[in-house]
Amino acid sequence: MALTFANLSRSYDAVGRRIRFLGYDGMSQIYFFIPVEAISRNVPDAVDAEANYLAAFDAERNSIYGIAQKAYSRSRKNMHVLTSADL
C-alpha cells in the first residue's frame, strides 16, 4: 500500500523540540518526527512557541509530507526522524 496522511493532526513535543505526525500504510501507523529547527528557522522561542512551530509545520505541510513519503519509500520502518538535510 501507499503511505497516506489521512489524519491531519500534529503535535509539539516540547522536551524533544520536535513536531510529531502520523502516516498510514494500510492499517499500520507510521510515526514521523521533525525537529522544530528544521522547519522554523525564523520562529523565535517565545511564550507562544508551540503555536508558532505548529504554524510553521502547517505552512510547509505538503512538502513535509512529500519528504516523509520519500523517507518511508527508502526504508519502510514504522518510525522516521526527518532532519534539515531531508528538507
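As the structure is a prediction and not an experimental result, all values here were calculated from the model. Excluded from the calculations below are hydrogen atoms, water molecules and symmetry mates; all remaining heavy atoms, backbone and side chain alike, are included. Here, residue 1 is the first one in the sequence, and each next residue gets the next number.
Relative orientation of the Phe32 and His80 rings is parallel, given thresholds of 30° and 60° on the angle between their planes.
At a threshold of 4.5 Å between non-hydrogen side-chain atoms, the residues Phe21 and Phe5 count as touching. Under the 4.5 Å side-chain criterion, counting only non-hydrogen atoms from C-beta, Ile64 is not in contact with Arg61. Arg20 has its side chain out of reach of Arg10: every pair of non-hydrogen atoms, C-beta onward, lies at least 4.5 Å apart. Here the side chains of Lys77 and Ile30 are not in contact, with every heavy-atom distance at 4.5 Å or above. You'll find the side chain of Asp25 reaches within 4.5 Å of the side chain of Tyr72, heavy atoms only. Within the 4.5 Å cutoff, side-chain heavy atoms of Met79 are placed close to those of Phe33.
Contact between Leu3 and Ala68 at its shortest, heavy atoms only, is CD2-O, 4.1 Å. The minimum heavy-atom distance between Ala56 and Ile39, with the atom names listed, is CB-O, 3.6 Å. For the residue pair Phe57 and Ile19, the shortest heavy atom distance occurs at CD1-CG2, 3.8 Å. In this structure, Thr83 and Pro35 approach most closely via the heavy-atom pair CA-CD, 4.5 Å.
Both Tyr65 and Val36 are part of a single hydrophobic cluster, where members link through side-chain heavy atoms under 4.5 Å apart. Criterion: ILVMFWY side-chain heavy atoms under 4.5 Å apart, direct or through other members. Under it, Leu8 and Leu54 are part of a common hydrophobic cluster.
Taken to the nearest 0.5 Å, the CZ atom of Arg18 stands 5.0 Å off from the CG atom of Asp13. Here the CE atom belonging to Met27 is positioned 9.5 Å from the CD atom belonging to Gln29, to the nearest 0.5 angstrom.
No side-chain donor-acceptor contact under 3.5 Å links Tyr31 and Asn78.
Summarising the local packing, CD of Gln69 is surrounded by more than 12 heavy atoms from other residues, nucleotides or ligands at distances under 6.0 Å.
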